[in-house]
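A quick write-up on the structure given underneath.
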Amino acid sequence: MLKPNLSSYLKSASQVVSNNLKKGGPNAIVPKKANTTPSKGFLLGNALISGDVSIISGPAVSSQIRWAHTDIHVPDWTSYRRDATKNPNVKSLKNEDSRKNFTYLLAGTAAVTAAYSAKAVVSQFVYSMSASADVLALAKIEIKLADIPEGKSVTFKWRGKPLFIRHRTPEEISTEQGVAVNTLRDPQHDNERAQKPEWLVVLGVCTHLGCVPIANAGDFGGYYCPCHGSHYDASGRIRKGPAPLNLEIPTHEFQEGGILVVG
């Protein structure tokens, strides 16, 4: 037994078989075909079968069959659409271009905003990792050169590293300036390493494995690293051993009054 709400979806026909007793009558009566063409305001959601179907298979025994499409709810977005796009038969190129331009403008604005926001976040993060004011105050060191006698090398501590200040003699200056640059492992002329010929300022960190060389030692009278046998001359240039580079020269300047500022 079907519920009454299914009657509009079923068609029935009655047929009479002739027994040759009567002639000329119709053998079958077929109702007119119902108009199934949906109207202009047809909604698929209104045409779906709702509810459950009950089937009686015996006395006081019933079972239910659930239709799979009864849970489909087709939303109607008509009220949210623009009037110019409601009619699918009318295409407006101007309206389409306008909507595309708006989409491109919105996407471009979002991309530029995201880029500037990312830049601001990264800049703030980098600034937070920079040295504080008290650390920057110790970033420079002032040295009175009059306290360093000629021919001596004095060690200072700068930024946690040893700093070698060497007061060179005229003989040392002449020797180092006469070295052929093409014979050096790390080619540098002495004039490139010393702002003033009599003063050599280098970091006391071996370029091999970071050891601290000994001043006024080695085969070339400059610096010697006893850890692995690297020899530097009086210009801080590597001449022998495993070190690949010359001793590093920090940023420095000579001021009036015989003051050297490093950093």
Side-chain angles (χ1 to χ4, degrees), residues 122 125-263:
V122 172
F125 178 73
V126 172
Y127 291 155
S128 66
M129 299 178 63
S130 60
S132 58
D134 56 342
V135 174
L136 292 176
L138 299 176
K140 293 185 178 181
I141 182 175
E142 293 184 359
I143 301 171
K144 189 176 181 181
L145 298 178
D147 296 337
I148 305 176
E150 187 178 46
K152 299 295 182 179
S153 178
V154 181
T155 305
F156 298 89
K157 185 177 181 181
W158 176 70
R159 295 183 181 180
K161 301 177 181 179
L163 177 68
F164 294 160
I165 309 296
R166 187 185 188 96
H167 192 176
R168 301 191 299 182
T169 63
E171 292 78 9
E172 291 176 336
I173 297 173
S174 176
T175 300
E176 302 306 332
Q177 290 184 350
V179 175
V181 178
N182 56 359
T183 62
L184 300 175
R185 180 179 303 172
D186 185 10
Q188 265 187 322
H189 195 273
D190 183 70
N191 294 333
E192 301 176 17
R193 298 182 55 82
Q195 295 184 16
K196 289 186 176 183
E198 64 272 19
W199 295 104
L200 177 68
V201 182
V202 294
L203 290 180
V205 179
C206 181
T207 58
H208 179 221
L209 292 178
C211 305
V212 179
I214 301 174
N216 297 321
D219 295 347
F220 298 89
Y223 304 93
Y224 171 68
C225 182
C227 298
H228 302 94
S230 295
H231 298 257
Y232 301 88
D233 58 18
S235 186
R237 297 173 296 191
I238 181 63
R239 303 292 295 274
K240 181 180 178 182
L245 302 174
N246 303 330
L247 293 179
E248 182 181 354
I249 299 178
T251 302
H252 62 281
E253 61 179 357
F254 295 90
Q255 297 183 351
E256 296 180 358
I259 301 298
L260 172 66
V261 179
V262 181

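Model, not experiment: these values are computed from the prediction.
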### Query
Has the side chain of His252 got a donor or acceptor atom that lies under 3.5 Å from a matching backbone atom of Pro250?
yes
#### Entry: Selection residues 175-197 - residue pairs positive for ring-ring contact (aromatic ring centres under 6.0 Å, His included), sequence neighbours left out
none
#### Entry: Summary of salt bridge (charged side-chain N to carboxylate O under 4.0 Å, His left out) pairs that have at least one residue in residues 183-212, sequence neighbours excluded
Arg168-Asp190
### Message
Using side-chain heavy atoms (C-beta onward) and a distance below 4.5 Å, is His167 in contact with Leu145?
### Response
no
#### Entry: From CG (Leu247) to CG (Asp233), nearest 0.5 Å
9.0 Å
Just distance, no hydrogens or angles: give the donor-acceptor pairs under 3.5 Å from side chains in residues 220-231, sequence neighbours left out.
unit_1, atom_1, unit_2, atom_2, d
Ser230, OG, Ala243, N, 3.3
His231, ND1, Asp219, N, 3.0

### Query
What are the two closest heavy atoms between Thr175 and Val179, and how far apart are they?
O-CG2, 3.4 Å
### Query
Are Thr207 and Asn246 close enough that some pair of their side-chain heavy atoms sits under 4.5 Å apart?
no
### Task
Go through the structure and list residues passing side chain to side chain donor-acceptor pair (under 3.5 Å) with Glu142, not counting sequence neighbours.
none
#### Entry: From CD1 (Ile238) to CG (Leu245), nearest 0.5 Å
9.0 Å
### Query
Quick one: side-chain contact (heavy atoms from CB on, under 4.5 Å) partners of Ser174, sequence neighbours excluded?
none
### Task
Go through the structure and list residues passing side-chain contact (heavy atoms from CB on, under 4.5 Å) with Val212, not counting sequence neighbours.
Pro162, Phe164
### Spacing of CD1 belonging to Ile143 relative to CD1 belonging to Ile148, to within rounding of 0.5 Å
6.0 Å
### Message
Which residues pass the salt bridge (Lys or Arg N to Asp or Glu O under 4.0 Å) test with Arg166, not counting sequence neighbours?
### Response
Glu172
## Note on the structure
All heavy atoms of Pro187 vs all of Val181, minimum pair found to be CB-CG1, 3.6 Å
### Summary
Separation between CG (Leu200) and CD1 (Ile173), nearest 0.5 Å, reads 10.0 Å
### Message
Rounded to the nearest 0.5 Å, what separates atom CZ in Arg159 from atom CG in Leu203?
### Response
9.5 Å
### Query
Could you give all pairs that pass the salt bridge (charged side-chain N to carboxylate O under 4.0 Å, His left out) test and reach residues 146-158, with sequence neighbours left out?
none
Quick one: side chains of residues 256-263, donor-acceptor pairs under 3.5 Å with protein atoms, not counting sequence neighbours, listed by atom name and distance.
none

### Task
With sequence neighbours left out, write down each residue that passes side chain to side chain donor-acceptor pair (under 3.5 Å) with Glu248, or none if nothing qualifies.
none
### Query
Can you name the closest pair of heavy atoms from Pro197 and Gln177 and give their distance?
CB-NE2, 4.3 Å
#### Entry: Set of side-chain contact (heavy atoms from CB on, under 4.5 Å) partners for Ser128, sequence neighbours left out
Phe125
